[in-house]
Amino acid sequence: QGNADDGSRDVLFGGTLSDSYVGDLPVVSATYDRGVEWAGTAGLEMTLTTDTTREPFTTVNVLAETNTGDPENIVMVGAHLDSVNPGPGINDNGSGSAAILETAIQMSKVNLVNKVRFAWWGAEESGLIGSTFYVNDLIDKFFAGDDQIFDIALYLNFDMVGSPNYVFKIYDGDDSDEVGAGPGPDGSAQIEAFFEGFYESRGEPYKGTDFSGRSDYGPFIDLVGIPAGGLFTGAEEIKSDEEAAIWGGTAGEQLDPCYHLVCDTFDNNSDKALDINSDAIAASTLYYGMNTSEING
Ligand code: PHE
Ligand code: ZN
Ligand code: ZN
Ligand code: ZN
């Protein structure tokens, strides 16, 4: 995404490009590589200039865990707390952050079998920096003789769960939907199945989505092979006629028309999607907080 104040160049993937794109990127990230690839396919030229007006700065991950539950069998639940420069980031990712915060508050009232550790990641938008740091730190600890990384049974990720033109999408842990980069670590298919069962219990249609690492579950599956899963209601993807027939909303428009834009405000939200997904987030957290035997025997 670019930084232009007039909004005309803010979205690289969303159709507001003119035929010769010159943008600023504040950071070099995975998004940049995707952008170059996209621009190339579209026959556009993209120039990267580094934003020299900003000094490097330090940001944080916020971690909190339940008092109850087995500290050697931890369920991790995460959402990124940062947004992009141009916008307030209410759907991306106030939605996931708020849903796991409410879940954390409610979990504190439950006597859990497994410990639940919540993470509000910093600097996701700059290339999964907070979650990558966290996982790398656990890997460093392992090589220093502290093997607490093996205490993490699974990781659940929630990034954009209330998109206004939503589709209910589940990370494709079993690769059955052929939209990912192959199946996730063992156990990921079971997590996908949990969410499928949840939507079925509500009579809501769902589909699989990309499980190739475009959010903070990436370092968990790529660097250590921790089983993972999560939900997503859509970003820059254009809603198809078929999807509009299933989920309603507007075909031909982005699932989140304000993705990475200044208009990602409190109005940029489907109450229905956020409500159902908040229940799914709470249900999955409680379910695995009580029993992870489907995942790790
Ligand atoms: N990580 C992306 C962002 O924050 C959103 C996203 C989440 C895209 C999950 C695809 C899958 O902008
Ligand atoms: Zn984003
Ligand atoms: Zn996001
Ligand atoms: Zn699947």
Side-chain angles (χ1 to χ4, degrees), residues 1-3 10-14 25-27 29-32 34-35 59 78-100 119-132 157-163 166-200 205-219 221 227-237 254-265 268-269 274 277:
Q1 76 281 352
N3 252 349
D10 278 349
V11 176
L12 194 55
F13 307 109
L25 277 166
V27 286
S29 69
T31 313
Y32 172 68
R34 290 174 63 92
T59 184
H80 75 83
L81 198 53
D82 60 311
S83 71
V84 291
N85 249 23
I90 297 302
N91 184 38
D92 182 14
N93 185 32
S95 61
S97 293
I100 74 165
W120 288 267
W121 305 116
E124 188 269 355
E125 300 286 7
S126 306
L128 315 182
I129 289 175
S131 50
T132 302
N157 190 70
F158 303 105
D159 183 0
M160 306 184 72
V161 293
S163 308
Y166 68 90
V167 166
F168 286 125
K169 302 190 188 197
I170 308 170
Y171 297 162
D172 185 21
D174 62 6
D175 205 29
S176 65
D177 306 272
E178 293 176 353
V179 285
D186 286 353
S188 306
Q190 285 85 338
I191 300 172
E192 183 183 2
F194 174 87
F195 287 119
E196 290 172 353
F198 175 86
Y199 286 128
E200 275 158 27
Y206 55 83
K207 70 188 278 189
T209 190
D210 191 308
F211 194 54
S212 60
R214 215 184 131 187
S215 189
D216 294 301
Y217 63 88
I221 65 171
L231 303 175
F232 179 51
T233 50
E236 78 281 359
E237 318 92 281
Q254 292 187 182
L255 302 185
D256 181 351
C258 288
Y259 177 58
H260 285 183
L261 293 178
V262 70
C263 58
D264 186 9
T265 64
N268 188 45
N269 168 60
L274 187 60
N277 275 343

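In listed order, ligands and their atoms are each counted from 1.
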Asp172 near the Zn ion (ligand 4): N/O/S under 2.8 Å: yes
Heavy-atom side-chain contact between Phe168 and Thr233 under 4.5 Å: yes
Phe195 ring center within less than 6.0 Å of Tyr206 ring center: no
Name, closest N/O/S atom of Asp92 to the Zn ion (ligand 3): OD1
Heavy-atom pair with the smallest gap, counting every atom of Thr59 and Ala123: CG2-CB, 3.8 Å
Glu125 and His260: side chain donor to acceptor below 3.5 Å: yes
Atom name in Glu125, limited to N/O/S, at shortest distance from the Zn ion (ligand 2): OE2
The Zn ion (ligand 4) to nearest N/O/S of Asp177 below 2.8 Å: yes
Residues Lys207 and Glu237 bridged, charged N to O under 4.0 Å: no
Shortest-distance N/O/S atom, Asp159 versus the Zn ion (ligand 3): OD1
Name of whichever N/O/S atom of Asp174 is nearest to the Zn ion (ligand 4): OD1
Presence of N, O or S from His80 under 2.8 Å of the Zn ion (ligand 2): no
Which atom of Glu192 approaches the Zn ion (ligand 4) most closely (N/O/S): OE2
Asn268, Asp264, Asp256 screened by side-chain hydrogen bond (donor to acceptor under 3.5 Å, both in side chains) with Asn91, the one that passes: Asp256
